[in-house]
Amino acid sequence: MAFFLALFVCGAAGDSDAAEPPKVDLQVGKAAYQRYCARCHGVLGAGDGVDAKRFYPRPRDLTLGIYKFRSTVSGTPPTDEDIYHILAEGLPGTNMPDWKHLSEETRWQLVYYLKSLSPAFNENPPQPVEVAADPGPKHADIKKGRALYEQLGCAACHGSSGRANGSSAAGLVDDWGLPIRSADLTQGWSYRGGANPRSVMLRFLTGIDGTGMPSYSGAISPEDAWHLAYYVETLQEKANWNLIAHPMAVEGPLPTTVEDPRWDSVRRTDIRLRHVVDNNGTWVSAPTVKALVLQSMYNKETIAFRLTWNDPTEDAVETVDSVALLLKTPQSQGDMLSLQTWPYDGSPVLDICLWSAKTKEAVEAVAAGFKAVGTAAVRSQRESQAEYKDGQWRLVIQRPIEPPASERASALSQKGLTAIGFAVWDGAYSSTRAVSPWVELDLRNNVKSDE
Ligand code: HEC
Ligand code: HEC
C-alpha cells in the first residue's frame, strides 16, 4: 500500500520537485533571501554581494531578470519550476550551492521573492519551448546528431570534439561585461544545467541568455533536437575522480611517448584544478583548464607520468602553456601546504619539475617558487615528449624514483604514499594558473591494469 502511495505522489509531482506550491508571502522570501543569498547576490539583488568578486562566474544580477537555465523561449523569463529547480540543485561547478536543506515552503517563497526583484516577470510571461517525446537512447540517431552539431555551428564555439576550442570560442563577453568561455562539452560534470540529454536539449533550444550561447528553437525540429542532445552526450568523457593514484608496475623500459599503446591499459585518475585568484582576490578571466588526467607506470628505477589536460589553444611562442609536477621536500614533509597559496613569503621550498611548451623540455629543481627553477644552482633535465591535438595537451615525463643525492631532488616512497601536486598554465591567460590538491601516489601494490 505504502509503495503504491509513494508512486502516486511522485507521479502527481511531475517535473517540479514539490507537490503544491504555497501562497505567496514576500516577507518570508525576503527574510530568507537576506539570510542566505545576499552575501553573494547583494542586498538588493544586483549581484554585488560582499563575496561576489571572489567568484567566477559571478553571482547573478537578479534585478535584470536574465536567467541562463530555463525551459522557456529566449528572452522570456524562466518558469517558477525552473527557478525552484535551480534552488534545489544548485549550479554544479560554480559557487552557487544547492538549498536542499531549506524547506520546500522556504524555497518557493524564495522563488516568489526573486521574481519580485525584476520587472521582466511582469512584462513577459514565460513561454515554454516545444519539446518532442524522448526517443530513448536506443532510437536516438547519433549520426544525424553529429551532422546537426556541425551544421548548426555548435563546433564554431565548442570545437569539433567538444573541447571548447572552436574558432569563435575566444573573445566572448557575457551580458555582464565579463569574459566567458563556451563550455567544454567533454566534461559532462561541468555542465551547470545538467548533462543528461533532456537538460542539454533545453540548453540549446532555449539558449543560455546573457552568454552568447544562442537559442536554436526554430532552427531545429523538436524531434531532431533529441538526436543532437544524444550526440552531445556521447562527447562526455567519464571521469575517475580520485585523490590516490595507483601507478602500474611494469618490467623493463617505460613508455617515452604519449602515443604508446600501453597507456591504454593504465587506470586514469582525474583531478579537479582550481584557479588561483590574483593579488586582489578577484578573477581576471574565465578558467579554461579545469581538470587534469594523471596516468603513471613505473619499473624498479624510474616512473613515467602521462598528463592529459584540455586547453582550447596551443600557446608556445610568447605566452606559453606549461605544467609543473610538485613534490614535497624533507623541509616541507607533513606541512599543511595548499598549492592555492604557495608560493608565499617565507614558504618552504618544493621539488618542481617544470615543462614548457616553448622549450619542450622538462627541468627539475628544488626551489622557493616557479620562476626560481630556471636559475636554481642544481637542475636536472627530465626526458619528456608532448603533443597538442584538437584542444588537448598530452605529455609524458620520466623521472627517477630515487634520484641520486647529487640531484638534490625528492625521492618517491615505495613503502608508503607520496604526495604529488600539479600546476597548469594556459598561456592565453598567463596571469593565472590552475592548481591541484595533493594527490597520493601509491607505489606499494603492483596494480597490473584497469579492472
Ligand atoms: C556563495 C555564493 C552564492 C550564494 C550564497 C548564492 N548564490 Fe545564487 N549564484 C551564485 C553564482 C556564482 C551564480 C552564477 C552561476 C552561473 O552563472 O552559472 C548564481 C546564480 C543564481 C541564479 C541564476 C540561475 C540562472 O538560471 O541564471 C539564481 C536564480 C540564484 N543564484 C539564486 C540564489 C538564491 C535564491 C540564493 C539564496 C538561497 C543564492 N542564489 C545564493 C552564487 C551564490
Ligand atoms: C556563439 C558561441 C556558441 C555557440 C554557437 C553554441 N554555444 Fe553552447 N555555449 C556557449 C557558451 C558561452 C556557453 C557557456 C555559458 C556559461 O558559461 O554560462 C555554452 C554552454 C553550452 C552548454 C553547457 C550548459 C551548462 O549546463 O553548463 C551546452 C550543453 C551547450 N552549450 C551546447 C551547445 C550546442 C549543442 C550548440 C549548437 C546547437 C551550441 N552550444 C552552440 C557558446 C556557444
Side-chain angles (χ1 to χ4, degrees), residues 29 32-42 45 47 49-52 54-62 64-70 77-78 82-87 89-99 101-102 106-107 109-111 113-115 117-118 145 148-159 162 164 166-169 171-176 178-185 187-197 199-216 219-220 224-225 228-229 231-233 235-236 286-287:
Y33 178 87
Q34 295 304 338
R35 180 155 176 212
Y36 302 115
C37 324
R39 74 179 178 95
C40 287
H41 291 283
V50 286
D51 285 341
R54 291 173 38 214
F55 302 133
Y56 190 93
R58 292 277 164 84
R60 189 82 67 258
D61 178 346
L62 299 164
L64 299 176
I66 301 175
Y67 281 68
K68 288 185 181 177
F69 305 107
R70 309 174 322 282
D82 288 341
I83 306 179
Y84 185 87
H85 182 77
I86 288 163
L87 297 192
E89 301 300 325
L91 296 171
T94 77
N95 291 90
M96 170 67 185
D98 71 66
W99 301 94
H101 59 286
L102 300 183
T106 309
R107 282 184 249 159
Q109 296 301 353
L110 278 164
V111 170
Y113 181 67
L114 295 191
K115 289 170 68 184
L117 293 174
S118 164
L148 286 161
Y149 184 85
E150 296 292 335
Q151 276 160 29
L152 294 174
C154 312
C157 289
H158 292 286
S167 52
S168 322
L172 293 173
V173 176
D174 71 17
D175 280 15
W176 300 275
L178 290 172
I180 191 167
R181 302 292 312 197
S182 35
D184 183 329
L185 298 178
Q187 298 174 334
W189 47 268
S190 74
Y191 294 20
R192 285 166 243 160
N196 58 322
S199 303
V200 168
M201 183 177 68
L202 285 175
R203 293 299 78 78
F204 64 76
L205 285 180
T206 67
I208 305 184
D209 284 1
T211 71
M213 157 93 184
S215 144
Y216 290 86
I220 183 171
D224 281 353
L228 175 55
Y231 171 66
V232 170
E233 193 186 34
L235 296 173
Q236 299 168 11

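First listed ligand is number 1; within each ligand, the first listed atom is number 1. These numbers were taken from a predicted model, which means no experiment stands behind them.
- A search for side-chain hydrogen bond (donor to acceptor under 3.5 Å, both in side chains) contacts involving D82 returns S71, T79, not counting sequence neighbours.
- From the protein, the heavy atom lying nearest to atom 5 (C) of ligand 2 is Y216 OH, 3.3 Å.
- Without hydrogens or angle criteria, Y33 side chain to A38 main chain gives no donor-acceptor distance under 3.5 Å.
- Listed by atom number, the atoms of ligand 1 under 4.0 Å from K68 heavy atoms are 16 (C), 17 (O), 18 (O), 25 (C), 26 (O), 27 (O).
- Taking every heavy atom of R39 and a limit of under 4.0 angstrom, the matching atoms of ligand 1 come to 1 (C).
- Ligand 2 places these atoms under 4.0 Å from at least one heavy atom of R192: 16 (C), 17 (O), 18 (O), 25 (C), 26 (O), 27 (O).
- Listed by number with element, the atoms of ligand 2 under 4.0 angstrom from any heavy atom of G153 are 5 (C).
- Here D174 has no heavy atoms under 4.0 Å from ligand 2, in either its backbone or its side chain.
- Taking 2.8 Å as the limit, the number of protein N, O or S atoms around atom 8 (Fe) of ligand 2 is 2.
- In this structure, the protein non-hydrogen atom closest to atom 14 (C) of ligand 2 is R181 O, 3.6 Å.
- Scanning the protein heavy atoms around atom 12 (C) of ligand 1, the nearest turns out to be P57 O, 3.2 Å.
- K68 meets the salt bridge (Lys or Arg N to Asp or Glu O under 4.0 Å) test with no other residue; sequence neighbours excluded.
- Protein atoms of type N/O/S that fall under 2.8 Å from atom 8 (Fe) of ligand 1 number 2 in this view.
- Counting heavy atoms closer than 4.0 Å to ligand 2, residue Y191 contributes atoms from both its backbone and its side chain.
- Remark: ligand 1 atoms within the under-4.0 Å shell around heavy atoms of F55 are 1 (C), 2 (C).
- Within the listing of ligand 2, atoms 25 (C), 26 (O) sit less than 4.0 angstrom from a heavy atom of F69.
- Taking every non-hydrogen atom of L110 and a distance limit under 4.0 Å, the qualifying atoms of ligand 1 come out as 38 (C).
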